[in-house]
There are 2 protein chains.
Amino acid sequence: MAAAAGVAPSTVSRAFSRPGRVNAETAARIHAVASELGYRTNPIARALPTGRTSMLAVIISDVTNPFFFEIIRGAEAAAADAGYVMLLVDAQESSTDEREAISRAIPIVDGLVLANSRMSNHAIRTVSAQRPAVVLNRPMSGMPSLVSDNARGSRRAVEHLAELGHHALTYVAGPEASWADGMRWRSVLEAASELDLRVRRVGPFPPTLAGGTAAVREMAANPSTAVIAYNDLMAIGLMRGLIDLGARIPRDVSVIGFDNIFGSDFCTPPLTTVAAPLHSLGAVAVRMLLQELGNRTSGVVRPAMLPTHLVVRESTGPPPRRRQAPRWASTAPSAATGDGSGPDPAPDPARHPAPTSDQPRREERSAGRTAAAAPAPTAPEPVRRSAATRSSESTTNGSAARDRA
Amino acid sequence: MAAAAGVAPSTVSRAFSRPGRVNAETAARIHAVASELGYRTNPIARALPTGRTSMLAVIISDVTNPFFFEIIRGAEAAAADAGYVMLLVDAQESSTDEREAISRAIPIVDGLVLANSRMSNHAIRTVSAQRPAVVLNRPMSGMPSLVSDNARGSRRAVEHLAELGHHALTYVAGPEASWADGMRWRSVLEAASELDLRVRRVGPFPPTLAGGTAAVREMAANPSTAVIAYNDLMAIGLMRGLIDLGARIPRDVSVIGFDNIFGSDFCTPPLTTVAAPLHSLGAVAVRMLLQELGNRTSGVVRPAMLPTHLVVRESTGPPPRRRQAPRWASTAPSAATGDGSGPDPAPDPARHPAPTSDQPRREERSAGRTAAAAPAPTAPEPVRRSAATRSSESTTNGSAARDRA
DNA sequence: CAACCGGTGGCAATCGATTGCAGCCCAAGC
DNA sequence: GCTTGGGCTGCAATCGATTGCCACCGGTTG
């Protein structure tokens, strides 16, 4: 190339990388020859002296999780806009795989986005020490991180139910190790308290369709007119289980999910959900990273937060009028009042063989001042789980689920 | 590193890249020092002299299309297994974006997989001339390509319907430019002929939820007891439209889709579908590419094909007994016999404002010997389409899904 | 005694850019 | 006319590996 244009390679380099540094005439000639030859500067050769590859890695805890679909696309778009190439890495829900993949990717990228990483904080900081990194869906001090406004979202969900006339709701919990679950539950609790709704929590369950279905058993044992599930997948699984029991949604039960994933609009009924700005989450994370790459002089970094909004579809409606046990409840009418004063009726295992049968059930809590003031209890008692449940719990994840090993 | 181990860099290099070429003792020392220092050979520096980067690009026509989710994961897994890093590139349903992205990726990868490429054959061959490439979901002679067995899948779908007792079916077509659509339709036609089912084709429609919903209008005008849709998304959209009209599925209408995408199991009712081996499609494509990288001595290459299988869920059942017009039909009972002898009743545009209202309706064709003998007619008459429909038609090819702005 | 041997390991060129430094040229200033 | 200086470009070192070639080694063979 240099020879073809009759100049030294250094001049060619300058012609491309720093426009003003070369005579306009020479530059024009070089560009002409270049486009004629289809010449493009070799990114690998360039990366060697500069150390910059113009590649970003996006580490996803599970590429098959629909939660990430729009995030991936948002990230890709933002990266492409800035002339960066995106390396997509699937951690396959395994922190060791994630580590391994990151160590392979690190030497060839300028920075990385860790989406719902399952690694420990310490491991993340180690990564961050080697390359600029942005953490997605997990607040971390001292390094750039980005989360969505779960608190506001939860509040909107509760408000929506209150406006519809509900007086009580059940929160179906996802993985306890998940930051998002804690946040969502706490905020639901708080909002319910202010709006004078009774609230109850069941779970944790795996954040999957199956997890949602598993929760039906507890719901049936202790019915309520409204449910907020940890994520859409669980909400959908829950609805399916409820419908199988003969419940009509939303006439008998209102259901709200989180995230607004692909599919939440065409499940039946279409799901009311707290929409996370998925595309933006990906795009903004990348832009934060890009900014980090630009000036390493980042002072105090605090978690950035993106707004959520409630998407009202057809899975929510006014509560049923009757005060007797709904037909889909598993037993005695007394349980249907939902005040939890009586002993839990024994569920019928034959009807719904549940993988979580050995899991202690939480007491219903009234959302009075005291309850609201207390921070969300996290794993107050050791929880025995079946092997099946434990493994499946780690298979999917709507939002941050940290490693518990 | 070389200094730390007290040897020349060349020896370090050989210790890693060609085990036999270095004294076992020296190699051991080198490896010891290396692991102590956390040294790993720099892939970029290595790539410069060798020209190999151990990276593969997977170009996806639309990362948000659920069709690709498992494909991506399969590809990632196969690449990671072989020690390759995967570059995921989103073509965003645009052939120019695709070209651009490929030209950026080509200098840094050893080979690429083109999944449902939207580029011309010629453009693909140009790419293939620069780097080994495997084409996914599009048969191409002279270069490795991989498709799923649509013919067999279509046949199984028709057989399933025949076994249930159906005597007629409607095929809801996807984009005419799509190879898969042609293949599916031809095979449906052929199988229906052999099994003595009447068959009718409507469309083309965009391969999206909305496309499926749009097809409802034509269905209502000319009801049949069974439908095979070009893909799952359309099938789901179709079901939703049908249900809105008061039809019960599968009691009134049986619906079958293609691909078995995420969501086809939790839509209502769960969809019977011709499952493509999505994960394998991705993994095998990558493995074919890897093999290609190993020995460039590929002789005659012919499209490889992966088997499909029918997943029977709840959207199919026996046909209804009655012979009168179903209540969801748009008009006169005469149309309900489905023999197509009468003139098409005018659809009611007010009820279902359809984007394809100016589209000529195909005549029903009996699947007699003559019809079966003829190859599938592809766009036999010039079709007027609205701009919206036209643009969406060109957006996809194997199975696409996105709604566009 | 020299040629030869297989097994090792160093030398140095190379991949294709980047970049500090120096040199060249021409115009302006003294 | 000589110096100075700015604009432009070439030289050459560098990034961190790979790899062909050659030297070395102790021992064997003709």
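Residue A/H279 holds its NE2 atom at 6.5 Å from CZ of A/R73, rounded to the nearest 0.5 Å. Between B/L136 atom CG and B/M288 atom CE the span is 9.0 Å, to the nearest 0.5 Å. Rounding to the nearest 0.5 Å places CZ of A/R21 at 10.0 Å from OG1 of A/T11.
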Its contact letters, B for base, S for sugar-phosphate only and - for none at protein heavy atoms under 4.0 Å, make nucleotides 11-21 of chain D read BB--BBBBBBB

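Between A/F16 and A/Y39, the ring-plane angle classifies as tilted under the 30° and 60° cut-offs.
When the side-chain nitrogen and oxygen atoms of B/T26 are compared with OP1 and OP2 of C/dG9, one or more of them lie within a distance under 4.0 Å.
A donor and an acceptor atom, one from each side chain of B/S103 and A/R40, are located under 3.5 Å apart.
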